[in-house]
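Some notes on the structure that comes next.
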Number of protein chains: 2
Amino acid sequence: MDAALRPYDIGSTQWYVLYQLAHDGPTMQRDLLRMLQIERATLSIVIGALVRKGLVEQVPDSIDRRQKRLRMTAAGTTLWGELPDLTFIRRVAFDGIDQAEIATAIKVLQTATGRLDELLRRGTDA
Amino acid sequence: MDAALRPYDIGSTQWYVLYQLAHDGPTMQRDLLRMLQIERATLSIVIGALVRKGLVEQVPDSIDRRQKRLRMTAAGTTLWGELPDLTFIRRVAFDGIDQAEIATAIKVLQTATGRLDELLRRGTDA
DNA sequence: GATTTTTTGTTTGCTAGCTAGCATAATTGT
DNA sequence: ACAATTATGCTAGCTAGCAAACAAAAAATC
């Protein structure tokens, strides 16, 4: 993804933010946090890069002034239209592999990461 | 790994370097490149951190003065002895999962990453 | 023997992840 | 109504990845 996006000076996480705004419209920054599963501080930097490049606007909410609503700018919409389709990546990686084997791989990885997340959660609570 | 190593102010890639030096003794920096599968520039930063902390020494080779031989210092050896066993991570993640399913997951992932590496290799050549 | 190419390592500047700590705003409890 | 707590976002400082460009040394070529 990063290699495909490099000509546009966009990283993969920045792409995900644009994707969200392009598909669901304006979104609260705090909601993106849940969707992207990254830390507040990290998202802050990513959004900062998009704002700096003029692709995204950050508008404080009128009701809760802590929260910020993210919206694509005209320049952002234009760039989004120029970005290449990235689905070829998934095709290259997985086309032709047995569906059952892919399902098994997903199950194994979900189990393992779930257990490690749980371990980490307990560790940081204690 | 990072969470377990944080109390010792060591990152996971730094750990791999120490592991290599602890098990195989002094190693050329260029050989570590192949072992860790990262870029020259990245390794340079990681080694820099270890040297700065006084855990590793960087000695220019007498024959080929471009190359640098990495060696653990006394402080590095001491720290290595204090680091916890990290094999519990693998146990937490995978214990009890069917061996055949794990093998399938490995096969699927190796195929996918192999294809993507190949795609990237062709892309950067052209 | 001199020139060109290749190899090795570093630096710079970027993305992206983390924790810790701060400010501000909203909410909750008393 | 005021105080304490919680929520949101930011900054600073770190690890770790990348590409591009540079310097120095060695190797290859002419």
Side-chain angles (χ1 to χ4, degrees), chain A residues 1-18 27-53 55-70 113 116-117 120-121 123-126, chain B residues 1-18 27-53 55-70 113 116-117 120-121 123-126:
Chain A
M1 280 185 69
D2 284 326
L5 293 172
R6 188 157 310 123
Y8 305 90
D9 283 312
I10 285 289
S12 48
T13 306
Q14 293 177 39
W15 183 89
Y16 277 121
V17 173
L18 294 182
T27 305
M28 289 296 182
Q29 189 164 328
R30 46 156 293 195
D31 293 327
L32 262 176
L33 223 56
R34 279 190 298 94
M35 300 175 197
L36 303 190
Q37 293 270 80
I38 57 179
E39 289 299 317
R40 275 209 314 287
T42 303
L43 183 57
S44 196
I45 299 294
V46 171
I47 301 295
L50 290 169
V51 170
R52 182 167 40 75
K53 288 184 269 194
L55 303 173
V56 164
E57 266 178 343
Q58 224 175 7
V59 187
D61 188 78
S62 51
I63 301 165
D64 186 341
R65 273 176 303 174
R66 289 171 307 182
Q67 296 189 38
K68 298 192 179 169
R69 168 170 277 107
L70 304 177
T113 54
L116 291 173
D117 280 345
L120 215 50
R121 207 183 58 68
T124 49
D125 284 2
Chain B
M1 281 185 69
D2 285 326
L5 293 172
R6 188 156 310 124
Y8 304 89
D9 283 312
I10 285 288
S12 46
T13 307
Q14 292 176 41
W15 183 89
Y16 278 120
V17 173
L18 295 181
T27 306
M28 289 298 181
Q29 188 163 326
R30 46 158 291 196
D31 293 328
L32 261 175
L33 223 55
R34 279 190 298 94
M35 301 176 196
L36 303 190
Q37 293 272 78
I38 58 179
E39 289 299 317
R40 271 206 322 282
T42 303
L43 184 57
S44 194
I45 299 294
V46 171
I47 301 295
L50 290 169
V51 169
R52 182 166 41 77
K53 288 185 268 194
L55 303 174
V56 164
E57 266 178 344
Q58 221 175 9
V59 187
D61 188 79
S62 52
I63 301 163
D64 185 340
R65 273 175 303 173
R66 291 171 305 181
Q67 296 189 37
K68 298 191 180 172
R69 169 170 274 109
L70 304 177
T113 54
L116 291 173
D117 279 345
L120 216 50
R121 206 182 59 68
T124 49
D125 283 3

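To find a chain, count down the sequence lines: A is the first, B the second, and so on, and within it residues start at 1. Model, not experiment: these values are computed from the prediction.
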Does Arg65(B) have any side chain to side chain contact (heavy atoms under 4.5 Å, CB included) partners at least two apart in sequence or in another chain, and if so, which? none
If the condition is side chain to side chain contact (heavy atoms under 4.5 Å, CB included), which residues does Leu36(A) pass it with, not counting sequence neighbours?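 Once residues adjacent in sequence are excluded, the partners of Leu36(A) under the side chain to side chain contact (heavy atoms under 4.5 Å, CB included) criterion are Thr13(A), Tyr16(A), Val17(A), Leu32(A), Ile38(A), Leu43(A).
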Please list, in numerical order, the residues of residues 29-39 of chain B that have a heavy atom closer than 4.0 Å to any atom of DNA chain D. Ile38(B), Glu39(B)
Do the side chains of Met35(A) and Thr27(A) get nearer than 4.5 Å, heavy atoms only? yes
For the student: nearest non-hydrogen atoms of [X] and [Y], plus distance:
{"X": "Ala3(B)", "Y": "Leu120(A)", "value": "CB-CD1, 3.6 Å"}
{"X": "Trp15(B)", "Y": "Ile10(B)", "value": "N-CG2, 3.9 Å"}
{"X": "Asp9(A)", "Y": "Lys53(A)", "value": "O-NZ, 2.7 Å"}
{"X": "Asp64(A)", "Y": "Asp61(A)", "value": "N-OD2, 2.9 Å"}

Qualifying residues under side-chain hydrogen bond (donor to acceptor under 3.5 Å, both in side chains), relative to Ser44(A), sequence neighbours excluded: none
By side-chain hydrogen bond (donor to acceptor under 3.5 Å, both in side chains) - contacts of Thr113(A) (at least two apart):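 Result, side-chain hydrogen bond (donor to acceptor under 3.5 Å, both in side chains) vs Thr113(A): none returned.
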Let me know the distance between [atom1] of [X] and [atom2] of [N], rounded to the nearest Å.
{"X": "Trp15(A)", "N": "dA16(C)", "atom1": "CH2", "atom2": "C1'", "result": "17 Å"}
{"X": "Leu70(A)", "N": "dC10(D)", "atom1": "CG", "atom2": "P", "result": "9 Å"}
{"X": "Leu18(B)", "N": "dA16(D)", "atom1": "CG", "atom2": "P", "result": "10 Å"}
{"X": "Leu43(A)", "N": "dA16(C)", "atom1": "CG", "atom2": "P", "result": "11 Å"}
{"X": "Arg40(A)", "N": "dA16(C)", "atom1": "CZ", "atom2": "C1'", "result": "17 Å"}
{"X": "Met28(A)", "N": "dA7(D)", "atom1": "CE", "atom2": "P", "result": "17 Å"}
{"X": "Tyr16(B)", "N": "dA16(D)", "atom1": "OH", "atom2": "C1'", "result": "13 Å"}
{"X": "Leu50(B)", "N": "dC14(D)", "atom1": "CG", "atom2": "P", "result": "15 Å"}

Respond yes when some side-chain nitrogen or oxygen of [X] is under 4.0 Å from OP1 or OP2 of [N], and no when none is.
{"X": "Ser44(A)", "N": "dC10(D)", "value": "yes"}
{"X": "Thr13(B)", "N": "dG17(D)", "value": "yes"}
{"X": "Gln67(A)", "N": "dA7(D)", "value": "no"}
{"X": "Ser12(B)", "N": "dT15(D)", "value": "no"}
{"X": "Arg65(B)", "N": "dA24(D)", "value": "no"}
{"X": "Thr42(A)", "N": "dA16(C)", "value": "no"}
{"X": "Gln58(A)", "N": "dC10(D)", "value": "yes"}

5′-ward residue of the pair Ala41(A)/Ile10(A) relative to DNA chain C: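 Per heavy-atom nearest nucleotide, the more 5' residue is Ile10(A).
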Which sits closer to the 5' end of DNA chain C, Ile45(B) or Lys68(B), going by the nucleotide each is nearest to?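 Its nearest nucleotide lies further toward 5', so the answer is Lys68(B).
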N/O-N/O pairs, protein side and nucleotides 2-5 of chain D side, under 3.5 Å:
none

Distance check, rounded to the nearest 0.5 Å: Gln67(B) atom CD versus Arg30(B) atom CZ? 5.0 Å
Please lay out, stage by stage, how Leu70(A) and Gln58(A) fare under the test side-chain contact (heavy atoms from CB on, under 4.5 Å). CA-CA 5 Å; Leu70(A) 304 177; Gln58(A) 224 175 7; 3.5 Å; yes
Taking the nucleotide of DNA chain D with the closest heavy atom to each, which residue, Ile47(A) or Asp9(B), is nearer the 5' end?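 Its nucleotide being nearer the 5' end, the pick is Ile47(A).
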Is there a donor and acceptor pair, one atom on the side chain of Arg66(A) and one on the base of dG9(D), closer than 3.5 Å? no
What does Ile63(A) touch in the nucleic acid at a heavy-atom separation under 4.0 angstrom: a base, only the sugar-phosphate, or nothing? sugar-phosphate
Looking across every strand, which nucleic acid part, if any, lies under 4.0 Å from Ala3(A) by heavy atom: base, sugar-phosphate, or nothing? nothing
